Engineer: 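Once you've had a glance at the structure underneath, I'll fire off some questions.
It should be emphasised that the depicted structure is a prediction, and the values quoted were computed from it without experimental measurement.
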2 protein chains.
Amino acid sequence: MADEGGSNAGDAGAERISEAEHAVMEALWARSPQTAAEVCATVCEERGWSMPTVKTLLSRLVAKRALATQPDGRRFLYTPIIARREYVGHESRRLVERLFGGRAAPLFAHLAENEALTEEDIAEIEHLLKEMRK
Amino acid sequence: MADEGGSNAGDAGAERISEAEHAVMEALWARSPQTAAEVCATVCEERGWSMPTVKTLLSRLVAKRALATQPDGRRFLYTPIIARREYVGHESRRLVERLFGGRAAPLFAHLAENEALTEEDIAEIEHLLKEMRK
DNA sequence: CCATTCAGATTACAAACGTAATCGTAATGC
DNA sequence: GCATTACGATTACGTTTGTAATCTGAATGG
């Protein structure tokens with residue numbers, strides 16, 4: 001797989017994961033390692049994909065250094081290299097940056113206005129705020 | 001310009017705006033209407049684009065029904081059709097959906113943990129919560 | 001041993017994107 | 001009036017993404 005670059009020791013960089021790829025990552029974050037077939041069992045149904053599609057996505061994710069493979073007999077086991085928290089944090093920050101000039105409050109205000117916040121959310125957030133105040 | 005489809009009367013759907021296109025939208029949300037040259041004056045510097053690039057993005061945005069044009073002598077004035085609030089709300093919800101299963105609290109928790117929240121943000125959010133409680 | 005099967009690898013291909021050069025034409029300066 | 005400009009329109013082209021078919025080689029059943 002002719003990996004270019006190499007020598008990415010502390011490489012948390014992990015080039016942009018696309019939306020389809022993200023679905024595959026989710027499956028592996030939920031449980032890992034998994035074989036391609038296992039991943040497909042999860043996502044192919046959810047998204048109406050076929051096996052080859054999943055294979056492609058897995059390969060691309062390996063190329064992007066988001067997944068690691070470990071041989072298991074004649075097939076591979078895939079495991080996430082980048083943590084979900086990391087990815088989620090990155091994406092969240094990106095959005096807040098892009099849409100709200102880096103300030104989180106407007107995002108919150110927006111979600112609040114559009115009733116995208118459930119009672120539960122509100123309670124939870126209040127709780128978090130209390131925690132932070134401590 | 002052979003606009004295909006047509007007949008999108010109540011079309012608030014506005015097909016997905018890409019990131020580059022978004023930059024153009026921001027310029028026009030900030031002030032409108034503007035000519036292509038004016039938009040370029042703003043974004044070409046910010047993003048290191050050239051005039052033709054801006055023209056292309058403007059055209060695509062018109063095709064996507066995100067912008068309206070009104071002739072002004074020999075050139076066009078561009079005005080957003082979709083409101084910023086709408087776009088921002090849409091994108092926010094998309095992210096929350098994709099990354100947090102539609103729940104906003106975890107997003108908030110994430111931002112909190114990663115110190116992506118300033119004191120100001122927190123104060124503001126507390127205020128908003130108080131408002132909502134009313 | 002040989003055919004079948006089952007992995008991953010390679011190749012494909014259209015749509016969307018990012019970025020831009022070029023074309024055609026209307027205005028404008030002499 | 002004609003050359004130059006200043007627009008928008010058209011065309012271009014490499015990359016990424018979504019989605020998949022095909023190829024190749026190893027394992028496995030007989």
Engineer: Mind checking side-chain hydrogen bond (donor to acceptor under 3.5 Å, both in side chains) for B:Glu120 and listing every partner two or more places apart, or none if nothing turns up?
Structural biologist: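 Partners of B:Glu120 under the side-chain hydrogen bond (donor to acceptor under 3.5 Å, both in side chains) test: none.
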Engineer: So which pairs with a foot in residues 23-54 of chain A pass ring pair (Phe, Tyr, Trp, His ring centres under 6.0 Å), sequence neighbours left out?
Structural biologist: A:Trp29-A:Tyr87
Engineer: Between C:dA9, C:dC17, C:dT19, which one does the side chain of A:Ser59 approach most closely?
Structural biologist: C:dA9
Engineer: Rounded to whole Å, how long is the line connecting atom CH2 of A:Trp49 with atom P of D:dA21?
Structural biologist: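 Atom-to-atom, A:Trp49 to D:dA21, this comes out as 15 Å.
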Engineer: Rounded to whole Å, how long is the line connecting atom CZ of A:Arg47 with atom P of D:dT19?
Structural biologist: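 The distance from CZ of A:Arg47 to P of D:dT19 comes to 7 Å, rounded to the nearest Å.
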Engineer: Could you state the atom-to-atom distance from CD1 of B:Ile17 to P of C:dC17 in whole Å?
Structural biologist: 10 Å
Engineer: Once you round it to whole Å, what is the distance between P of D:dC23 and CE of A:Met51?
Structural biologist: 19 Å
Engineer: Report the nucleotide, chosen from D:dG18, D:dA9, C:dA9, that has the shortest atom-to-atom distance to any side-chain atom of B:Phe76.
Structural biologist: D:dA9
Engineer: Taking disulfide bond (SG atoms under 2.5 Å apart) as the cut-off, I'd like each qualifying pair that reaches into residues 37-68 of chain B, sequence neighbours left out, listed once.
Structural biologist: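 Qualifying pairs, neighbours excluded: B:Cys40-B:Cys44.
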Engineer: Identify whether any heavy atom of A:Ala37 sits under 4.0 Å from a base atom; if not, whether one sits that close to sugar-phosphate; answer base, sugar-phosphate or nothing.
Structural biologist: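 Counting heavy atoms under 4.0 Å across all strands, no contact is made by A:Ala37.
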Engineer: Decide if atom CZ of A:Arg85 counts as having more than 12 heavy atoms of other residues, nucleotides or ligands within a radius under 6.0 Å.
Structural biologist: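 Atom CZ in A:Arg85 is not crowded, with 12 or fewer foreign heavy atoms closer than 6.0 Å.
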Engineer: Mapping B:Thr35 and B:Arg60 to their closest nucleotides on DNA chain D, which lands nearer the 5' end?
Structural biologist: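 Residue closer to the 5' terminus by nearest nucleotide: B:Thr35.
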Engineer: Of the nucleotides C:dA20, D:dT17, C:dG8, which has the atom closest to the A:Tyr78 side chain?
Structural biologist: C:dG8
Engineer: Find the distance B:Leu57:CG to C:dA16:P and express it as a whole number of Å.
Structural biologist: 15 Å
Engineer: Using whole Å, report how far NZ of B:Lys64 lies from P of C:dA15.
Structural biologist: 15 Å
Engineer: Can you identify which nucleotide, out of C:dG8, C:dC17, D:dG8, has its nearest atom closest to the A:Lys55 side chain?
Structural biologist: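 Within the option list, the nearest is C:dG8.
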Engineer: Classify B:Thr53 by what it touches in the nucleic acid, base, sugar-phosphate, or nothing, heavy-atom distance under 4.0 Å.
Structural biologist: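 Since a base atom lies under 4.0 Å of B:Thr53, the category is base.
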Engineer: Where along nucleotides 22-30 of chain C does protein come under 4.0 Å, by heavy atom, of base (B) or sugar-phosphate alone (S), with - for untouched nucleotides?
Structural biologist: -----S---
Engineer: Can you figure out which of D:dA20, D:dG8, D:dT17 approaches the side chain of B:Arg75 most closely?
Structural biologist: D:dG8
Engineer: Verify, without hydrogens or angle tests, whether B:Glu126 (side chain) and B:Ala123 (backbone) share a donor-acceptor contact under 3.5 angstrom.
Structural biologist: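 Flag not set: sc B:Glu126 to bb B:Ala123 has no pair under 3.5 Å.
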Engineer: Counting only distance, no hydrogens or angles, is the base of C:dA20 paired donor-acceptor with the side chain of B:Thr56 under 3.5 Å?
Structural biologist: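 Check passes, donor-acceptor contact within cut-off.
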Engineer: Starting at atom CZ of A:Arg16, determine the distance to atom P of D:dT16, rounded to an integer number of angstrom.
Structural biologist: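 Those two atoms, CZ and P, are 13 Å apart.
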Engineer: Among pairs that include at least one residue of residues 33-53 of chain B, which meet salt bridge (charged side-chain N to carboxylate O under 4.0 Å, His left out), considering only residues two or more places apart or in two chains?
Structural biologist: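 Every pair satisfying salt bridge (charged side-chain N to carboxylate O under 4.0 Å, His left out) with a residue in residues 33-53 of chain B: there are none.
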Engineer: Mind calculating the distance between CG (B:Leu67) and P (D:dG8) to the nearest angstrom?
Structural biologist: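 One finds 13 Å between P of D:dG8 and CG of B:Leu67, rounded.
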Engineer: Going by the rule side chain to side chain contact (heavy atoms under 4.5 Å, CB included), which residues pair with B:Thr69 if we only count those two or more places apart in sequence or in a different chain?
Structural biologist: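 Here the qualifying residues are B:Val62, B:Phe76, B:Tyr78.
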